[in-house]
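Just so it is clear: chains get the letters A, B, ... in the order the sequence lines come, proteins before strands, and each one is counted from 1.
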Amino acid sequence: MKKKLVTSALPYANGALHLGHLAGAYLPADIYVRYLRGRGRDVVWVCGSDEHGAAITIRAKKEGISPRDIIDKYHELNKGTFEKFGISFDYYHRTSEKLHHETAQEFFTKLYEQGDQFEEQTSKQYYDAEFNQFLADRYIKGTCPDCNYTEAYGDQCESCGNTRSPEELINPVSTLSGNKPELKETTHWFFKLDKHQEWLKQWVELGMLDGKKHHSPRTWKNHVTGQCMSWLNDELLPRAITRDLDWGIPVPLEGAEGKVLYVWFDAPIGYISATKQWALDNGKNWEDYWKGDDTELVHFIGKDNIVFHCIIFPAMLKAYGDYALPVNVPANQFLNFEGDKFSKSRGWGIEQHEYLEEFADFPNKEDALRYALTRNMPENKDADFKWDEFVEFHDKELVGNLGNYINRVLVLTHKYFEGKVPASDTNLSEKYAEVLELTNALAADIESFNFKQAASRLMEISSWGNTYLQDVSPWKIYKAEPDSPLIAECMYISLQVVTLLSALTEPFIPFTSKKIRRLLNLSELQNGDLDTILSDLTAGKALIASEHAVAQPELLFAQINDRKDDSRKLIIERQKAKLAALLALKAEEEAAKHDPVKPEITFDDFTKLDIRTGKIIAAEPIKKADKLLKLTVDLGFERRTIVSGIALQFKPEDVIGQEVSVLVNLAPRKMRGVVSEGMILMGEDKKGNLAFVGAPEGFGNGFGVK
RNA sequence: GGCGCGGUAGCUCAGCUGGUUAGAGCGCAGGAUUCAUAAUCCUGAGGUCGGCGGUUCGGGUCCGCCUCGCGCUACCA
């Protein structure tokens, strides 16, 4: 069996993680790795904090603390929270470590020395003269040309959500000095991704690498292959891998002072440095897990990371040479929260550590959440986390099905056999048949990354147990014939199934698994134990021996909708009340929202605008543009072609004859190949509905609007 | 406009390379049972598999067109 190297996306050490993150890249990996350990596989699972990038330095500046303060805080928080949820990384590293800096620099240097992997490009970028430094996109603020939001960043406007580039911003300002930045030339290194396009395509589409079969593409998820192919069928472009910034990994070249590796270049190398550190601490050789034919790499990520992990990082690894490429990248889609995206700024959703605090008095809260997230994992499409579903999974499946089953078996064992596993000469192979089939299916589900289905198999197994108990009904037999061997047989088999469940639950709900082991009075599971149990099951052997004494029954889960104790229910009610309050607040804000009044201008400014009345006399759609209409406007003294972004709301035939106001002295601009000579004035309401602003019918064309 | 993913019972979702009467859980209706946390077990009702057309002996499953949802991307002077 080959070694396995498993990675989970490195969390950015600039904030806490929410439930969606857990369900996306950490919980599935944990299930997978725990399972592999149980099967006795040689597996290493690494992760760590991603601690570079401009977002961290900007935040530090804003809060008057150092970047180090921020990354230390969130590294500790995220690491600790993962531990509390039983997320069992072998190593949780951080990219600010010296070992990582060295590893990333060495990686860069080796590619650089090959001569044909990188190219230098010089371009003009904004520069802050006072601080003597180039400005990363995030360091530039200005007015968004789309929505007039005055605090838009150079890479994105947080008000309208559109992506930006710094040059588009109106009145750009450096966030460092507050001055207007100047454009200045700077040189950066670009990774020539285009060089790798051909083999990448072969690799993703056919699973072929260097003329050999590397993996079966059918085992990859549709949306993963799909997104990769949409990139690979297009033209890949060289990507900048350096930035002008003072926080990060210095570019290890002469004359590259003030430049660092771009975070996305250094972050995935974090998987390598984490493995190195783990190997150092455990007396292993990291290269055994990264290089050669005896190892398999699997990346667990969210869908936003697909391109990095399936195209860019593999290209980097291949360019370096020797490294194994991932055999699968089981990216999950996104988890929403009660119908909307998780959003820290809007307070929508719940973070992992918040959950632990809010549910402090909820018994088995870790497994309750792990289970709910697993059963509703966004494996192939976006999913929605709802408290009602959380309650349902908990009370119906964990309590009613699994917990109840185990309790029934233990109670009956004590009732009829003084807490000892009875003896029986039944044919286990025969009795195991259906359970074995379900168990094999569960294992296959995990190995093919179908964790949602695998979790439901657990329920099928305990459901089989419940049905079996019901079919035999030992309590009925007991009334007529207390010494019947059928009772012993039934309990003997049921105890085997409970023992099996103690191991099968481990990857999913490890805290519960541990409890079940304790109730059965069996030792804690070790690596490889699951494998032994599965082969015993296959061979029809006993998993728990006759005469073995089990512990006193104890409930594994406390029902939420409990008639006698509403404490758990109240916790859920509190969460729901929070949601209702947020929704009310949202509606209120929505109603009160209005665009801020723009900065004052002079009358002279106003008179520069030449606005005239006009009438649309022709209109036609523009090819390959959803939102644009090509309009011909009669201004009385001339006719003009004007391109207007109204096609989503107005059909060409509806606007002909429309009276409009036109800004006529606006500089012409070409859009989708059509030159627009002016702008039609439109009113726009909160929902984006548009209305023409024009003189009444018959007013006449070409008159000034003042 | 381009690209990707999805549209299957009231709800949440499974259905691999096409093959007999389309499945599960929850919910609903009826029944059984009392070992068990009002838990469990059985039975039942419910779907023209988004729409139209095509390939095929046969299509939820393949192809084309259309439509709706989500995401990325271009365009909103």
Side-chain angles (χ1 to χ4, degrees), chain A residues 145-147 160 162-163 218-219 221-231 233-234 303-304 306-307 333-334 336 341 375-377 379-384 386 388-389 392-393 395-401 403-416 445 448 450 452-453 456 459-460 462-463 465-476 478 487 490-491 494 553 555-565 621-629 642-648 662-663 666-674 676-682 684 688 690:
Chain A
D146 283 339
C147 69
C160 64
N162 288 337
T163 51
R218 277 183 30 213
T219 60
K221 299 187 186 194
N222 283 348
H223 70 270
V224 174
T225 314
Q227 184 165 349
C228 291
M229 289 313 292
S230 88
W231 274 66
N233 285 329
D234 210 348
K303 69 173 164 186
D304 51 335
I306 289 173
V307 171
Q333 307 243 17
F334 288 153
N336 288 325
K341 288 180 180 135
R375 287 286 280 118
N376 190 27
M377 216 168 238
E379 287 179 333
N380 294 306
K381 53 181 155 185
D382 290 355
D384 199 6
K386 293 194 184 80
D388 282 340
E389 263 181 20
E392 186 181 301
F393 285 135
D395 280 6
K396 294 286 170 194
E397 302 193 358
L398 290 180
V399 179
N401 190 343
N404 181 41
Y405 174 58
I406 291 169
N407 189 240
R408 296 172 84 180
V409 172
L410 289 175
V411 167
L412 289 171
T413 303
H414 277 275
K415 202 157 198 152
Y416 302 141
D445 287 336
S448 52
N450 294 315
K452 208 156 121 172
Q453 173 134 312
S456 72
M459 290 306 132
E460 290 183 50
S462 66
S463 197
N466 274 318
T467 307
Y468 173 69
L469 272 186
Q470 199 76 22
D471 286 350
V472 179
S473 293
W475 48 91
K476 273 189 190 165
Y478 187 79
I487 300 177
C490 177
M491 295 322 298
S494 296
L555 294 182
L556 290 170
F557 306 97
Q559 209 170 30
I560 295 169
N561 286 318
D562 186 333
R563 293 191 158 194
K564 288 160 242 137
D565 176 1
I622 293 177
K623 279 182 191 169
K624 298 190 174 184
D626 287 350
K627 299 184 184 172
L628 303 182
L629 284 188
I642 295 178
V643 176
S644 187
I646 59 173
L648 290 179
V662 184
L663 180 59
L666 185 67
R669 157 109 176 219
K670 201 173 185 180
M671 277 177 285
R672 285 276 148 194
V674 181
S676 179
E677 308 163 317
M679 182 161 111
I680 307 277
L681 303 190
M682 303 292 293
E684 182 175 6
L690 300 173

Please give the distance between the [atom1] atoms of [N] and [M] as a whole number of Å.
N: B:rC28; M: B:rU37; atom1: P; result: 23 Å
N: B:rG25; M: B:rC70; atom1: C1'; result: 25 Å
N: B:rA32; M: B:rC49; atom1: P; result: 37 Å
N: B:rG6; M: B:rG50; atom1: C1'; result: 11 Å
N: B:rG31; M: B:rG10; atom1: C1'; result: 23 Å
N: B:rG2; M: B:rC75; atom1: C1'; result: 12 Å
N: B:rU8; M: B:rG46; atom1: C1'; result: 14 Å
N: B:rG47; M: B:rG23; atom1: P; result: 13 Å

Heteroatom pairs (N/O) under 3.5 angstrom, protein to nucleotides 7-10 of chain B:
none

For RNA chain B, what dot-bracket results from Watson-Crick or G-U pairs at under 3.5 Å, with [ ] for crossers and | for inter-strand partners? (((((((..((((.....[...)))).(((((.......))))).....(((((..]....))))))))))))....
Residues forming a salt bridge (Lys or Arg N to Asp or Glu O under 4.0 Å) with [X], sequence neighbours excluded:
X: A:Lys303; value: A:Asp382
X: A:Lys452; value: none
X: A:Glu392; value: none

Syn or anti for B:rG60? Use the chi torsion, O4'-C1'-N9-C4 for purines and O4'-C1'-N1-C2 for pyrimidines, with syn inside 90° of 0. anti
Are side-chain heavy atoms of A:Val662 and A:Met679 found at a separation under 4.5 Å? no
Between A:Ser676 and A:Ile642 (side chain of the first, backbone of the second, donor and acceptor by atom type, cut-off under 3.5 Å), is there such a pair? no
Please find the pair of heavy atoms, one from [X] and one from [Y], that lie closest to each other, and give the distance.
X: A:Gly400; Y: A:Asn466; answer: O-ND2, 4.4 Å
X: A:Asn380; Y: A:Gln333; answer: O-NE2, 2.8 Å
X: A:Pro474; Y: A:Met491; answer: CG-SD, 4.4 Å
X: A:Asp395; Y: A:Ile560; answer: OD1-N, 2.9 Å
X: A:Val409; Y: A:Thr413; answer: O-OG1, 2.7 Å

Quick one: [X] [atom1] to [N] [atom2], roughly how many Å, whole number?
X: A:Asn222; N: B:rG4; atom1: CG; atom2: P; result: 12 Å
X: A:Asp382; N: B:rG4; atom1: CG; atom2: P; result: 18 Å
X: A:Asn450; N: B:rG15; atom1: CG; atom2: C1'; result: 12 Å
X: A:Asn380; N: B:rC16; atom1: CG; atom2: C1'; result: 13 Å
X: A:Glu389; N: B:rC13; atom1: CD; atom2: P; result: 7 Å
X: A:Met459; N: B:rG23; atom1: CE; atom2: P; result: 24 Å

Measure from the side-chain heavy atoms of A:Leu555 and tell me the nearest of B:rU37, B:rC35, B:rA77. B:rU37
Result for side-chain contact (heavy atoms from CB on, under 4.5 Å) between A:Ile406 and one of A:Leu556, A:Asn401, A:Val411 points to A:Leu556
Base, sugar-phosphate, or nothing for [X], non-hydrogen atoms under 4.0 angstrom?
X: A:Val409; value: nothing
X: A:Lys221; value: nothing
X: A:Glu397; value: sugar-phosphate
X: A:Phe557; value: base
X: A:Leu663; value: nothing

Rounded to the nearest 0.5 Å, what separates atom NZ in A:Lys396 from atom CE in A:Met459? 13.5 Å
A:Lys386 vs A:Asp384, test: salt bridge (Lys or Arg N to Asp or Glu O under 4.0 Å). Steps then yes/no. CA-CA 6 Å; A:Lys386 293 194 184 80; A:Asp384 199 6; 3.5 Å; yes
Going 5' to 3' through nucleotides 38-43 of chain B, assign each nucleotide B (protein heavy atom under 4.0 Å from a base atom), S (under 4.0 Å only from sugar-phosphate atoms) or - (no protein heavy atom that close). BSBSS-
Between A:Lys452 and A:Asn407, the residue closer to the 5' end of RNA chain B by nearest nucleotide is A:Lys452
Both A:Lys303 and A:Ala558 contact RNA chain B. Taking the nearest nucleotide for each, which residue is further toward the 5' end? A:Ala558
Kindly say if A:Lys386 contacts the phosphate of B:rC11, meaning a side-chain N or O under 4.0 Å from OP1 or OP2. no
